Amino acid sequence: MESNRPTLRERGILSWAEEDRPREKLLLKGRAALSDAELIAILIGSGTRDKSAVDVAKTILRSVDHNLHELAKLSVADLKKFEGIGEAKAISIISALELGRRRKSSEPVKREKILSSEDAYRIMQPYLLDQPVEQFWIILLNRANMVISTHCVSQGGVSGTVADPKTIFKGALEKLASSIVLVHNHPSGNLKPSEADIHLTLKLKEAGKHLDLPVLDHIIFTDQSYLSFADEGIL
């Protein structure tokens, strides 16, 4: 008589916390919270009888030393050598990587310039709008106040996140930035800076002086508006 009990793989997935299942995790925490293996697992959809889709994805990534550039070089035939990967799943992985390559090649070369707190707020909208958890970002600028890059340095819960000054200035020094704008969001919509926000800002401002990396502003971001420490005279 055929058993209706779930397989080992099914039992394993069903026992995970909902936030740890790739699709549910993306919905709850956003795409940036997923590992490479979890993103690939969503692409392939399912695993084998004894391995989850995430396990299959991890096996594929290990074969290329977790290097996505090397993964992009694999052909359909190469991917089909992995247990649980048929032609359709292999094509899904290759298509996704090709889209990523095309997106990269089509990115505008022109850098944006920050001349005001409003410019910083606008630049961060694609990253922080509708974020359900607090994140701390830095905008790195050259001497002409052109944006070199933006980086998320930490992510916390609904009510807070911790920003490590060493991480912030390490990234800025590696990119040869001339100045920094700090940005963190308040998912609650509250624009009032906390005592911790003010203390951290002043601490980073002082550290920036010693490194010749001035902190130009700290933006508290909400979906509706923002607060600028520089505009408010806090910085």
Side-chain angles (χ1 to χ4, degrees), residues 6-112 123-133 135-140 147-156 171 174-175 185 187 223:
T7 65
L8 173 63
R9 177 178 67 83
E10 290 168 337
R11 290 199 303 274
I13 292 175
L14 291 172
S15 69
W16 296 354
E18 183 173 323
E19 66 177 11
D20 291 329
R21 302 176 203 162
R23 290 184 182 85
E24 287 83 350
K25 187 174 180 180
L26 187 148
L27 291 172
L28 288 170
K29 297 185 175 181
R31 57 193 177 189
L34 272 67
S35 67
D36 292 344
E38 289 169 328
L39 290 170
I40 293 172
I42 290 175
L43 288 172
I44 63 180
S46 61
T48 66
R49 180 175 180 81
D50 298 315
K51 288 184 179 180
S52 70
V54 175
D55 292 330
V56 173
K58 286 179 178 178
T59 300
I60 295 171
L61 286 170
R62 280 196 297 268
S63 74
V64 293
D65 293 325
H66 299 271
N67 188 320
L68 294 179
H69 293 289
E70 293 301 315
L71 178 60
K73 295 177 183 178
L74 300 185
S75 65
V76 170
D78 293 330
L79 289 168
K80 285 173 64 177
K81 294 176 183 177
F82 294 95
E83 183 184 7
I85 301 296
E87 185 172 89
K89 293 180 180 180
I91 289 171
S92 292
I93 294 171
I94 289 174
S95 297
L97 291 167
E98 175 61 16
L99 274 175
R101 185 195 67 77
R102 293 185 187 185
R103 177 182 182 273
K104 185 70 176 176
S105 64
S106 65
E107 285 179 352
V109 176
K110 182 181 178 182
R111 287 178 173 175
E112 295 190 82
I123 286 170
M124 293 306 302
Q125 283 178 327
Y127 304 103
L128 290 175
L129 275 177
D130 302 320
Q131 278 293 343
V133 298
Q135 296 182 351
F136 198 103
W137 287 69
I138 54 174
I139 305 174
L140 303 180
V147 176
I148 297 173
S149 60
T150 56
H151 298 280
C152 179
V153 295
S154 69
Q155 176 170 298
E174 287 175 348
K175 292 288 187 178
N185 64 317
D223 287 356

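Note that this is a predicted model, so its numbers are computed, not measured.
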Roughly how far, to the nearest 0.5 Å, is [atom2] of [Y] from [atom1] of [X]?
X: His66; Y: Lys58; atom1: NE2; atom2: NZ; answer: 9.0 Å
X: Ile148; Y: Ile139; atom1: CD1; atom2: CD1; answer: 12.0 Å
X: Leu129; Y: Asn185; atom1: CG; atom2: CG; answer: 10.0 Å
X: Glu38; Y: Lys25; atom1: CD; atom2: NZ; answer: 3.5 Å
X: Leu71; Y: Asp78; atom1: CG; atom2: CG; answer: 10.0 Å
X: Ile42; Y: Leu26; atom1: CD1; atom2: CG; answer: 5.0 Å

Quiz: residues 84-100 side-chain donor-acceptor pairs under 3.5 angstrom, not counting sequence neighbours:
unit_1 : atom_1 : unit_2 : atom_2 : d
Lys89  : NZ     : Ser46  : O      : 2.8
Lys89  : NZ     : Ser46  : OG     : 3.1
Lys89  : NZ     : Gly84  : O      : 3.3
Ser92  : OG     : Ala88  : O      : 3.2
Ser95  : OG     : Ile91  : O      : 2.8
Glu98  : OE1    : Arg101 : NE     : 3.0
Glu98  : OE2    : Arg101 : NE     : 3.3
Glu98  : OE2    : Arg101 : NH2    : 2.6
Glu98  : OE2    : Arg102 : NE     : 2.8

I need the minimum non-hydrogen distance between [X] and [Y], along with the two atoms involved.
X: Tyr127; Y: Gln135; result: O-OE1, 4.4 Å
X: Glu83; Y: Val56; result: O-CG1, 3.7 Å
X: Trp137; Y: Leu128; result: NE1-CD2, 3.5 Å
X: Ala41; Y: Pro22; result: CB-CG, 4.3 Å

**OP:** Go through the steps for Lys29 and Val133 under the test side-chain contact (heavy atoms from CB on, under 4.5 Å), then give the verdict.
**Re:** CA-CA 8 Å; Lys29 297 185 175 181; Val133 298; over 6 Å; no
Subject >> Residue pairs fulfilling salt bridge (Lys or Arg N to Asp or Glu O under 4.0 Å) with at least one residue in residues 60-71, sequence neighbours excluded >> reply: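 For residues 60-71: Glu70-Lys73.
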